[in-house]
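The block underneath contains the structure these notes are about, expressed in structure tokens.
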Amino acid sequence: MKTISEYYEEYGSIKKTAKKVGVSHAKMRKMLISQGVDIGDKLAANIADLKKQGVSQEEICNELDISNKVYNAHSEYTKGEYNLPSDKLSRNAQNLRRFRAKINNKKGD
């Protein structure tokens, strides 16, 4: 069975490769970036270079004048962070944390 990078080399296009594999263009781009395949994405290369230099996501976004969504779309997959302090969580994560605590308190009653 061929790997994703082999399909990409064969088709020479993210769009065609994504169609062949049955995933979205965005997911295919992210998978290829994660595998280290050179897809000719200058933004992804800039982000990777800055990350190697130890620059934070926030600083990269500011320097390249991009949003967090654009940053995430043009960088490799990363595992989510766990057990962050409350001030580092998104609003949704804070709400989920409060909801789970409320549910756990009701179970103890």
Side-chain angles (χ1 to χ4, degrees):
M1 180 179 240
K2 289 184 180 181
T3 65
I4 292 170
S5 56
E6 289 171 334
Y7 278 122
Y8 178 71
E9 288 176 18
E10 180 180 335
Y11 294 109
S13 156
I14 295 174
K15 185 177 182 178
K16 289 178 183 176
T17 307
K19 187 174 183 178
K20 174 67 178 174
V21 177
V23 298
S24 71
H25 180 276
K27 181 173 275 226
M28 179 55 62
R29 180 180 58 236
K30 196 147 182 93
M31 289 190 305
L32 290 167
I33 290 169
S34 296
Q35 290 185 357
V37 176
D38 181 10
I39 59 172
D41 186 336
K42 290 182 182 180
L43 181 56
N46 287 342
I47 290 170
D49 288 342
L50 290 169
K51 285 176 78 172
K52 285 178 189 173
Q53 295 172 26
V55 181
S56 72
Q57 178 176 341
E58 184 178 354
E59 292 169 327
I60 292 171
C61 290
N62 289 335
E63 185 171 326
L64 299 177
D65 194 28
I66 58 174
S67 68
N68 285 325
K69 283 186 177 186
V70 171
Y71 172 91
N72 288 329
H74 293 270
S75 58
E76 74 281 351
Y77 280 109
T78 56
K79 186 175 179 178
E81 296 185 57
Y82 296 94
N83 299 320
L84 292 174
S86 294
D87 63 328
K88 298 286 185 186
L89 295 174
S90 68
R91 181 175 292 150
N92 186 51
Q94 291 173 1
N95 290 339
L96 286 170
R97 192 174 273 183
R98 279 193 300 275
F99 175 76
R100 288 182 181 135
K102 186 177 177 181
I103 295 297
N104 288 334
N105 287 339
K106 284 186 178 181
K107 286 181 182 177
D109 291 340

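This structure is a prediction, so every number in the text was calculated from the model and none was measured.
- Rounded to the nearest 0.5 angstrom, Lys19 NZ and Lys15 NZ are separated by 8.0 Å.
- Under the rule for a side-chain hydrogen bond (donor to acceptor under 3.5 Å, both in side chains), the partners of Asn68 that lie at least two apart in sequence or sit in another chain are Gln57.
- Qualifying side-chain hydrogen bond (donor to acceptor under 3.5 Å, both in side chains) partners for Glu9, counting only residues two or more places apart in sequence or in other chains: none.
- Remark: Ala93 engages Leu89, Ser90 in a side chain to side chain contact (heavy atoms under 4.5 Å, CB included) (not counting sequence neighbours).
- Placement of Tyr71 and Met31 in two distinct hydrophobic clusters is found when ILVMFWY residues are connected by side-chain heavy-atom separations under 4.5 Å, directly or transitively.
- Closest approach of Ser75 and Ile47 over heavy atoms only: CB-CG2, 4.0 Å.
- Scored by the side-chain hydrogen bond (donor to acceptor under 3.5 Å, both in side chains) test, Glu63 finds no partners at all (sequence neighbours excluded).
- The stretch residues 28-46 participates, sequence neighbours left out, in these side-chain hydrogen bond (donor to acceptor under 3.5 Å, both in side chains) pairs: Asp41-His74.
- Annotation: salt bridge (charged side-chain N to carboxylate O under 4.0 Å, His left out) contacts involving residues 45-57, sequence neighbours excluded, comprise Lys51-Glu76.
- With contacts defined as side-chain heavy-atom distances shorter than 4.5 Å, the pair Leu43/Val70 qualifies.
- Closest approach of Ala18 and Ser24 over heavy atoms only: CB-O, 3.7 Å.
- Summarising the geometry of Ala44 relative to Ile33, their closest heavy-atom pair is CB-CD1, 3.8 Å, with the distance given to 0.1 Å.
- Hydrophobic clustering (ILVMFWY, side-chain heavy atoms < 4.5 Å, transitive): Leu50 and Tyr77 are in distinct clusters.
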Inset, instruction - Would you check, one step at a time, whether the test side chain to side chain contact (heavy atoms under 4.5 Å, CB included) holds for Thr17 with Glu10? - result: CA-CA 8 Å; Thr17 307; Glu10 180 180 335; over 6 Å; no
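- To the nearest 0.5 Å, atom CD1 of residue Ile39 and atom OG of residue Ser13 are 11.0 Å apart.
- Inter-residue side-chain proximity for Tyr8 and Met28 is flagged as unmet; no heavy-atom pair is nearer than 4.5 Å.
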